Amino acid sequence: MKKISFQTLFILALSLITMFSVVSCEKKTTQKLKIGAVFSVTGGASFLGDPEKKTAEMLVEQVNKAGGINGVQVELIVMDTEGDATKTNLAVKKLMTQDKVLAVVGPSTSGNSIAVIPLAEETMTPLVSCAASYKIVNNPDTNKPYKWVFKTPQSDSMAVEAIFTHLQSKKINKIAILSDTSGFGASGRAELQRLAKDYNMSIVADETYGPKDTDMTPQLTKIKKLNPQAIVNWSIGPTQVTVVRNWKDLKMDGIKFYQSHGFGSLKNVELAAGAAEGVYLPLGSVAIADILPENHPQKTVTRQYVNDYNAKYNEPLSSFGGHAHDALKMVFAAIGKAGADKAKIRDELEKISGFVGQHGIFNMSADDHNGLDKTAFNMLVVKDGKWAFAD
Amino acid sequence: MDSAFFFTYFLQFVISGITIGSIYAMVAVGFNIIYNVTEIINFAQGEFVMLGGLIMVIFYNKLDLPILIAFLMTVIVVAMIGLLIDQIVIKSIKQPTVLTLIIGTIATSILLKGAAMFIWGKNPYDLPAFSGREAINFFGAVIQPQALWVIGILVVVVGLLSFFFEKSIIGKAMRACSDNQDAALLVGISVKRMILLSFALSAAIGAVAGVIVTPIALMEYDRGAMLAVKGFAALILGGLGSFPGAVIGGLLLGLIEALVAGYISSGYKDAFALAVLLILLFVRPHGILGNPTVAKFKKF
C-alpha cells in the first residue's frame with residue numbers, strides 16, 4: 001500500500017464524488033423550500049450583515065412555526081461573504097448551482113451585489129439584494145432592470161432627493177458636501193453632484209476623508225471659509241460621529257448639518273456626546289417605529305418587527321436589518337403565490353404592489369425592481385438625543 | 001481674505017496636524033523600541049493602540065474606576081499582552097529570521113483584531129475627554145482640551161524614554177542588544193529579557209496612545225491597521241531606530257495631511273503624504289534622522 005498510482009486515486013475520488021452526489025440527490029426529496037442568504041456577517045460591513053442575518057433567521061423561524069409557506073417548511077442557508085466580492089461570488093454560485101435554492105436574499109453591500117448579477121442572470125435564480133446602489137437594478141446597456149435581480153433598500157438618490165427637498169423648503173441653495181472615500185461615501189457624493197442641478201443647489205465645497213480618519217477639522221475649516229448655508233455629509237462608521245463633533249467644536253452651528261441615512265442609529269447620537277443635536281437626516285420608517293403616528297401605514301409592521309427583534313436578540317434594532325426583512329418577506333409572498341418554481345417566483349416578485357415593508361411601501365414593476373420612491377424617507381432631526389420629525 | 005483670517009485658518013490646520021501627528025509619532029516610537037532591540041518591525045503595534053482604547057473602556061466606563069487608576073491598569077494589562085506575544089509568538093518561532101518574526105507579528109495582529117471583535121463587537125466606543133469637551137479658543141482657532149493632553153503626553157513619553165535609553169543601565173543594555181546581540185550576551189546582558197522588556201514597553205506606549213486618542217476619534221476593533229500603517233510611514237520618514245526621528249516623522253506626516261487637506265484637496269492628502277515619503281526615501285534612504293552608517297550593519 002506504499003504507492004497508490006494516480007489512476008487509483010482518481011477513480012477513488014471519482015467514486016467518492018458520485019457517492020456524495022447520490023446522497024445529496026436523496027436529500028432533495030425531503031421537501032423543503034430552500035432560500036439562500038448571503039450577508040457580510042463579519043468584516044468591514046458587518047454592521048449591515050449581522051442584523052440582516054439575525055433578522056433572516058428570526059423570520060424563517062417564525063414562518064416555520066406558523067406552519068411554513070402553504071404548509072411547506074422553509075430552509076434558510078446563510079453564507080458569510082466577509083464583505084469580499086470573490087467570497088460572495090463563490091457563496092452565491094454554491095447556493096444557486098449546488099443547493100439549488102429558489103431565491104437568494106442579499107448580499108449586504110453594493111459592490112458585492114453588482115459582482116453577482118451575472119450569476120443570477122445565468123442560473124435564472126431570483127436575487128433580492130439588501131444593498132442600496134441603483135446600479136444593482138439598472139442595466140446600463142438597456143437602462144432597465146436586470147431580469148432576475150431586485151433590491152429592497154432605498155437608493156442613495158432617494159436620500160439625496162429627500163435632503164434636497166428639505167433644503168429647498170428651508171430656502172437653502174448654497175451647500176458644501178463632505179464624504180468618506182468608501183463605496184458608500186463615493187456613491188453618495190456622485191448622487192449629490194448629479195442631482196444638485198435639478199434642485200438648483202450650488203455646491204461650493206466638495207471635501208473627502210478616509211473611512212478610518214481621526215480628524216476632519218481641516219476639511220471643515222476649509223468649508224467654514226466658503227460660508228455655505230448647509231453641509232451634507234455622506235459616510236459610515238465612526239467618522240460620521242467625529243465629523244459632527246468637529247462641526248460643533250468649530251462653532252459652525254450657524255451652518256445646518258445634514259447626515260446621510262447611514263447615521264441612522266441612536267448609538268451614533270449617543271457617541272457624538274451632545275454634538276449631534278440639531279443634525280438633520282433622512283430615515284426609513286423602521287428606525288422610528290416609536291414616533292410614527294398611529295395612523296401611519298407602516299406603524300404595525302415596524303412595531304412588530306422591532307418588538308420581535310428586541311425580544312429575541314436583546315439588543316437594539318439596526319434599521320439595516322429591515323432591508324433583509326423586506327427582502328425575505330417579499331420572497332415568502334412570491335413563493336406563497338408561485339410555489340417552488342424560480343421563474344414564477346420572479347414573475348410574482350415583479351408584480352408586488354402595495355407591499356408594506358420596514359423601509360417603505362413597495363410597488364414593483366418591469367421597469368422598477370426596487371419599488372420605492374423618495375417618500376420612503378422621513379426627514380428627521382436630532383432633538384434631546386432622540387429622533388424627531390423635522391419641520 | 002485678510003491676513004488675520006489667513007493666520008487663524010493656518011493655525012487651525014497646524015493644530016489638527018500636530019494632534020494627529022502626535023498619535024502617529026507615538027505609534028512610531030512603539031515600533032522603534034522593538035526594532036531597536038530585535039531588529040524586527042512589530043506589525044501588531046497598531047493593535048496595542050486599539051487594545052489600549054478598548055480596555056480603558058472596560059475599566060473606566062464599565063467598572064467605573066477613577067480615571068488615573070483605569071489608565072494605569074489599562075497600560076499594565078496591555079503591557080502584559082505585549083509580554084505574552086513575545087513569550088508565545090516570538091519565542092516559539094523555531095528558526096527566527098527577521099522575515100519569519102515579522103510574519104509572526106502580522107499573524108498576531110490579525111489574531112488580536114479578531115479577538116477584539118469577539119469581545120467588544122463591531123461598534124465604536126467612546127471615552128470621556130480628560131478635561132471636558134469645551135473647545136478652547138486660541139487666536140481664533142479652536143482646540144479640544146484633549147488635543148493638549150495628546151501633545152503633552154507625547155512630550156512626557158518621549159522625554160522619559162530618552163532618559164531611560166540614554167541614562168539608565170537597563171536602557172543601555174537594551175541598546176546594546178540592538179547593536180550586537182552576541183556581544184551583549186558576552187558581557188552578561190540577558191538578551192531574552194531585554195526583548196521581553198521591549199515588547200512590554202512598546203505595548204504600554206501603544207496603550208497610552210489608544211487611551212488618549214479614543215476621546216477624540218472613538219475606537220473600534222479594526223482601527224489598528226490604519227494606525228500601524230501611518231505610524232510605520234512616520235517611522236520611515238524620521239529614520240528607523242531614531243526616537244527624535246519618530247517624533248519628527250509623525251508630526252510631519254500629520255502636518256502634511258492637515259495642510260494638504262486644508263489648502264489643496266482633502267482627497268489627495270494621503271497621496272501627498274506618501275509622495276513626500278517617497279521623495280525623501282530617494283534623497284535620504286535612511287530617513288531624516290536615521291544614521292546611514294548604523295543602517296549598514298542592520299539586517300533589516
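Chain letters run A, B, ... following the sequence lines, proteins first and then strands; every chain starts at 1. Values below: every heavy atom of this structure, side chains too, minus hydrogens, waters and symmetry copies. Keep in mind it's a predicted model, so treat the numbers as computed, not measured.
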| task | Locate the shortest heavy-atom distance separating Lys224(A) from Tyr9(B); write the atom from each residue and the value. | result | C-OH, 4.1 Å
| Taking atom OG of Ser46(A) and atom CG of Asn123(B), what is their separation to the nearest 0.5 Å? | 8.5 Å
| Part of Asp50(A) within contact of chain B (heavy atom distance under 4.5 Å) | side chain
| said: On a heavy-atom basis, which atom in Gly262(B) and which in Lys222(A) lie closest, and how many Å separate them? | reply: O-CD, 3.0 Å
| task | Check Tyr221(B) against Gly43(A) and note the closest heavy-atom contact, atom names and distance. | result | OH-O, 3.5 Å
| message | Has Ser16(B) got a side-chain atom pairing as donor or acceptor with Thr217(A)'s backbone, closer than 3.5 angstrom? | response | no
| note | Under 4.5 Å to a heavy atom of chain B? For Thr181(A) that would be neither
| Any chance NZ of Lys312(A) has more than 12 other-residue heavy atoms, nucleotides or ligands included, within less than 6.0 Å? | yes
| message | Using every non-hydrogen atom in the two residues, find where Arg245(A) and Pro215(B) come nearest and quote the distance to one decimal. | response | NH1-O, 2.7 Å
| remark: Value for OG1 (Thr42(A)) from CZ (Phe118(B)), rounded to nearest 0.5 Å, stands at 8.5 Å
| Is the NZ atom of Lys135(A) crowded by more than 12 outside heavy atoms at less than 6.0 Å? | no
| Does Lys212(A) come within less than 4.0 Å of Glu220(B), counting only side-chain N to carboxylate O? | yes
| said: Does atom CG (Asn137(B)) have a neighbourhood of more than 12 heavy atoms from anything else shown, all under 6.0 Å? | reply: yes
| Closest non-hydrogen atom pair, Ile216(B) against Thr214(A) | CG2-O, 4.1 Å
| query | Any idea which of Ala225(B), Ser266(B), Ala141(B) has the most non-hydrogen atom pairs under 4.5 angstrom with chain A? | reply | Ser266(B)
| task | Please step through side chain to side chain contact (heavy atoms under 4.5 Å, CB included) for the pair Asp213(A) and Glu257(B), ending with a clear verdict. | result | CA-CA 11 Å; Asp213(A) 277 7; Glu257(B) 282 187 9; 5.6 Å; no
| message | If I take atom CD from residue Gln219(A) and atom CZ from residue Phe13(B), how far apart are they, to the nearest 0.5 angstrom? | response | 9.0 Å
| task | Give, as side chain, backbone, both or neither, the part of Lys251(A) having an atom under 4.5 angstrom from any heavy atom of chain B. | result | side chain
| Taking all atoms of both residues into account, what is the closest heavy-atom pair of Ala217(B) and Pro238(A), and its distance? | O-CB, 4.5 Å
| Interface residues of residues 186-197 of chain A facing chain B - non-hydrogen atoms under 4.5 Å apart | none
| field | Atom pair CD1/CG of Ile20(B) and Asp215(A) - distance to nearest 0.5 Å | value | 6.5 Å
| query | Which distance, rounded to the nearest 0.5 Å, do you find between the OG1 of Thr242(A) and the CG of Leu218(B)? | reply | 5.0 Å
| So which of Gly114(B), Ser265(B), Ala261(B) has the largest heavy-atom pair count under 4.5 angstrom toward chain A? | Ala261(B)
| said: Would you say OH of Tyr263(B) has more than 12 non-hydrogen atoms from neighbouring residues, nucleotides or ligands within 6.0 angstrom? | reply: yes
| remark: The interface call for Met117(B) against chain A, heavy-atom contacts under 4.5 Å, is side chain
| said: Counting C-beta onward and ignoring hydrogens, is there a side-chain heavy-atom pair between Pro124(B) and Val241(A) closer than 4.5 Å? | reply: no
| task | Step through the shown structure and confirm whether more than 12 heavy atoms of other residues, nucleotides or ligands are within 6.0 Å of CH2 on Trp149(B). | result | no
| message | Taking the side chain as everything from C-beta on, heavy atoms only, tell me whether Asn246(A) gets closer than 4.5 Å to Gln144(B). | response | no
| request: Would you please test Asp249(A) and Arg133(B) for salt bridge (Lys or Arg N to Asp or Glu O under 4.0 Å) and show each step? | output: CA-CA 8 Å; Asp249(A) 285 346; Arg133(B) 286 204 196 285; over 6 Å; no
| task | Below 4.5 Å from any heavy atom of chain A, which atoms of Lys113(B) appear? Answer side chain, backbone, both or neither. | result | neither
